[in-house]
Amino acid sequence: GLRAEDVTPNTYVYNSLMNVNAHDLSYALRVFKHMKYLGVVPDLASYNILLKACCRAGRVDLAKEIYEEARHIASMGRLKLDVITYSTIIKVFADAKMWQMALKIKEDMFSSGVTPNVVTWSSLISACANAGLVEEASQIFEEMLFAGCKPNSQCCNSLLYACVEACQYDRAFRIFQSWRKSDFQSSCHTINCNANGQVSQGNENSSETGNMVSFTPTIATFNILMKACGTDYYRAKALIDEIKIAGLSPNNITWSIFIDICGSTGNVGSSVQALEAMRNNGIKPDVVAYTTAIKACVRNKSLNLAFSLFEEMKRHRVKPNLVTYKTILRARRRYGSVHEVQQCLAIYQDMRKAGYSPNDYFLKELIEEWCEGVITDKSLEKGIVGQSDSLDYIDRETRQSVLLEKVAAHLERDISQSLAVDLRGLTQVEARIVVLAVLRMIKENYTTGDPLEDDIVIILGARNELTGVVNHKCEVQDAVVKLLQDELGLDVENPLDKELSRRNLVSSDVKSSPRRPAELRRLHVTRKSLYHWLQRRVGIIRR
């Protein structure tokens with residue numbers, strides 16, 4: 001509207017535009033550049049808002065450039081950086097675990113005569129905590145107390161978090177209990193502060209806590225302490241009770257940590273009970289809670305329970321994330337039945353439909369092993385995996401996806417209605433796996449009482465498709481015939497070759513019409529041969 005009236009917006013308008021869109025860094029940068037293009041001079045708020053946008057976007061490089069530009073302008077006396085500027089750039093470095101850069105900004109701040117506020121101190125403690133530097137975090141905490149700044153819950157939580165990151169769990173509980181029993185007991189009389197605000201201890205026995213400040217724990221405090229329980233199930237359970245005594249309610253994070261602790265101690269039953277306890281407390285289990293419970297089941301080899309939880313989360317319309325899919329797909333190290341393969345392939349397809357790019361190689365290897373079980377349980381000693389080395393020149397991820405989709409398509413079908421196996425577009429190794437997968441499914445269904453109704457029809461491709469690629473197609477056909485005849489002892493027929501031979505006998509002079517429809521090259525595995533093979537296999541299994 002201003003531009004339509006040919007009115008140039010002022011600094012306040014541009015700052016408002018950037019601030020309300022601080023979540024969109026690219027938009028904020030466009031506004032900032034347009035502002036400078038029209039000759040509107042950015043003020044300190046402009047730079048602070050841009051730094052905030054960089055912080056939200058995690059753009060450390062850009063934030064550093066903006067800070068240096070603002071600092072350069074300040075050196076010329078046109079700006080004076082304030083506590084917001086320094087606190088924001090410190091938070092940028094803290095989130096990126098660049099604690100040394102954060103401490104360097106603190107030195108710049110002191111040299112400019114700017115006094116840190118509680119947000120500044122909190123970000124400085126977080127910078128060290130995120131890097132697991134508990135001693136440095138404790139020292140900054142003491143500096144804050146000496147400076148007369150009262151810590152808020154974020155400062156206290158960051159110090160506890162530093163202890164957890166450094167695996168100093170008992171220290172975290174000691175600090176927490178000292179805060180709970182009484183006010184902070186000052187160690188300031190033992191602290192010397194230099195001109196840069198840095199602290200040196202004068203008494204080795206000085207307290208780890210601070211300066212007469214009351215502390216009210218939040219749920220975030222207790223969640224950090226839950227992490228500090230490590231694998232101590234009883235300590236974690238007691239802490240949940242303490243949360244309720246403090247007038248707080250455990251949240252999704254609390255329960256997820258507790259579920260993980262249960263799983264790490266092998267207490268899968270308690271993990272599942274914790275999910276139920278969440279619902280009883282009015283909290284709907286989220287994807288993190290379910291995934292943590294599934295991990296606990298997988299870790300303790302309770303695979304049926306893991307798959308049951310996966311189905312349960314879908315029934316409750318909780319969308320699995322990438323970690324959920326990877327956890328459930330890697331649950332099995334070996335497939336024992338066609339149902340298990342169908343189960344995993346269905347999850348694999350759900351994962352792809354959800355837009356995730358799975359690592360197909362692991363699942364492909366498991367299916368190869370399962371399929372080769374048609375021949376012998378020790379098939380991996382022979383190893384068809386090595387044969388796939390010939391596919392190095394192909395995009396493995398794409399080919400593995402095609403293979404798994406083919407296997408899934410065949411295993412999902414009702415084989416009592418059709419025994420057609422489509423191998424078009426597959427390599428020798430992939431064709432082998434698909435054929436073995438179908439045979440494995442037929443064998444398992446036969447052992448449960450499903451009769452054989454017809455021959456197996458294996459489709460290799462149209463005859464006119466073979467032009468120019470005869471060798472490749474023939475190699476696939478030869479590999480399949482060798483597998484069926486030599487390795488499995490099945491009878492294989494080639495109807496098309498018989499038909500061509502018959503035509504040649506009738507008239508060797510008649511040329512095929514160019515309008516003749518393409519004839520599919522097929523192989524037939526006879527029902528009688530298949531029945532005898534199944535009898536032999538079932539007999540071996542029973543013996």
Side-chain angles (χ1 to χ4, degrees), residues 153 157 160-161 164 169 217-332 340 343-359:
S153 61
N157 291 344
L160 294 176
Y161 180 73
V164 172
Y169 301 144
T218 63
I219 189 61
T221 311
F222 284 108
N223 287 344
I224 293 167
L225 292 173
M226 286 290 291
K227 285 271 190 183
C229 291
T231 58
D232 192 335
Y233 167 79
Y234 295 103
R235 193 175 201 176
K237 196 170 184 300
L239 197 58
I240 288 180
D241 294 335
E242 190 173 344
I243 291 172
K244 296 174 181 177
I245 293 171
L248 301 170
S249 298
N251 60 14
N252 274 297
I253 298 173
T254 317
W255 287 112
S256 295
I257 296 170
F258 183 63
I259 291 169
D260 186 54
I261 292 171
C262 294
S264 64
T265 58
N267 197 346
V268 179
S270 294
S271 295
V272 178
Q273 289 172 9
L275 280 175
E276 189 60 33
M278 289 179 73
R279 294 193 190 90
N280 294 339
N281 282 271
I283 300 173
K284 181 182 177 181
D286 59 5
V287 63
V288 176
Y290 269 113
T291 302
T292 307
I294 290 170
K295 275 186 176 180
C297 294
V298 171
R299 186 187 302 159
N300 293 281
K301 297 181 172 54
S302 300
L303 303 187
N304 290 335
L305 184 55
F307 282 94
S308 175
L309 287 175
F310 182 78
E311 293 302 322
E312 179 185 307
M313 72 183 293
K314 290 202 296 183
R315 285 198 304 272
H316 286 91
R317 297 184 179 181
V318 179
K319 291 184 178 180
N321 60 21
L322 182 60
V323 178
T324 317
Y325 282 117
K326 285 187 173 182
T327 302
I328 199 71
L329 283 175
R330 288 181 174 270
R332 300 193 189 279
E340 292 175 357
Q343 195 176 44
C344 284
L345 284 173
I347 294 170
Y348 164 84
Q349 289 179 309
D350 283 346
M351 183 178 185
R352 289 177 62 83
K353 288 175 185 176
Y356 295 111
S357 297
N359 181 2

Can you tell if the side chain of [X] reaches within under 4.5 Å of the side chain of [Y], non-hydrogen atoms only?
{"X": "Trp255", "Y": "Thr292", "result": "no"}
{"X": "Val323", "Y": "Lys326", "result": "no"}
{"X": "Glu312", "Y": "Val272", "result": "no"}
{"X": "Ile294", "Y": "Met313", "result": "yes"}
{"X": "Phe258", "Y": "Leu239", "result": "no"}
{"X": "Lys284", "Y": "Val318", "result": "yes"}
{"X": "Met351", "Y": "Leu322", "result": "yes"}
{"X": "Cys229", "Y": "Tyr169", "result": "no"}

If you round to the nearest 0.5 Å, how far is [atom2] of [Y] from [atom1] of [X]?
{"X": "Cys297", "Y": "Ile328", "atom1": "SG", "atom2": "CD1", "answer": "8.5 Å"}
{"X": "Thr254", "Y": "Ile240", "atom1": "OG1", "atom2": "CD1", "answer": "7.0 Å"}
{"X": "Phe222", "Y": "Ser249", "atom1": "CZ", "atom2": "OG", "answer": "11.5 Å"}
{"X": "Lys314", "Y": "Leu309", "atom1": "NZ", "atom2": "CG", "answer": "13.0 Å"}
{"X": "Lys237", "Y": "Asn267", "atom1": "NZ", "atom2": "CG", "answer": "11.0 Å"}
{"X": "Tyr325", "Y": "Thr291", "atom1": "OH", "atom2": "OG1", "answer": "10.5 Å"}

Indicate the atoms forming the closest heavy-atom contact of [X] with [Y], along with that distance.
{"X": "Asn300", "Y": "Gly266", "result": "OD1-CA, 3.1 Å"}
{"X": "Asn223", "Y": "Ile257", "result": "O-CD1, 3.4 Å"}
{"X": "Leu275", "Y": "Ala293", "result": "CD1-CB, 3.7 Å"}
{"X": "Pro250", "Y": "Ile283", "result": "O-CD1, 2.8 Å"}
{"X": "Ile261", "Y": "Ala236", "result": "CD1-CB, 3.7 Å"}
{"X": "Val164", "Y": "Ala228", "result": "CG2-CB, 3.9 Å"}

When you look at [atom1] of [X], are more than 12 heavy atoms from neighbouring residues, nucleotides or ligands closer to it than 6.0 Å?
{"X": "Ile253", "atom1": "CD1", "result": "no"}
{"X": "Asn304", "atom1": "CG", "result": "no"}
{"X": "Lys301", "atom1": "NZ", "result": "no"}

Could you tell me whether the side chain of Thr221 and the main chain of Asn157 form a donor-acceptor pair under 3.5 Å?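 Not a single qualifying donor-acceptor pair exists.
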For Thr324 and Thr327, test the side chains for any donor-to-acceptor distance below 3.5 angstrom and give the result as yes or no.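 Thr324 vs Thr327: no donor-acceptor pair found between side chains.
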List the steps and the verdict of side chain to side chain contact (heavy atoms under 4.5 Å, CB included) for Leu225 and Glu242. CA-CA 11 Å; Leu225 292 173; Glu242 190 173 344; over 6 Å; no
The single option from Arg299, Lys295, Lys227 passing salt bridge (charged side-chain N to carboxylate O under 4.0 Å, His left out) against Asp260: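 Considering Arg299, Lys295, Lys227, a salt bridge (charged side-chain N to carboxylate O under 4.0 Å, His left out) with Asp260 is found only for Arg299.
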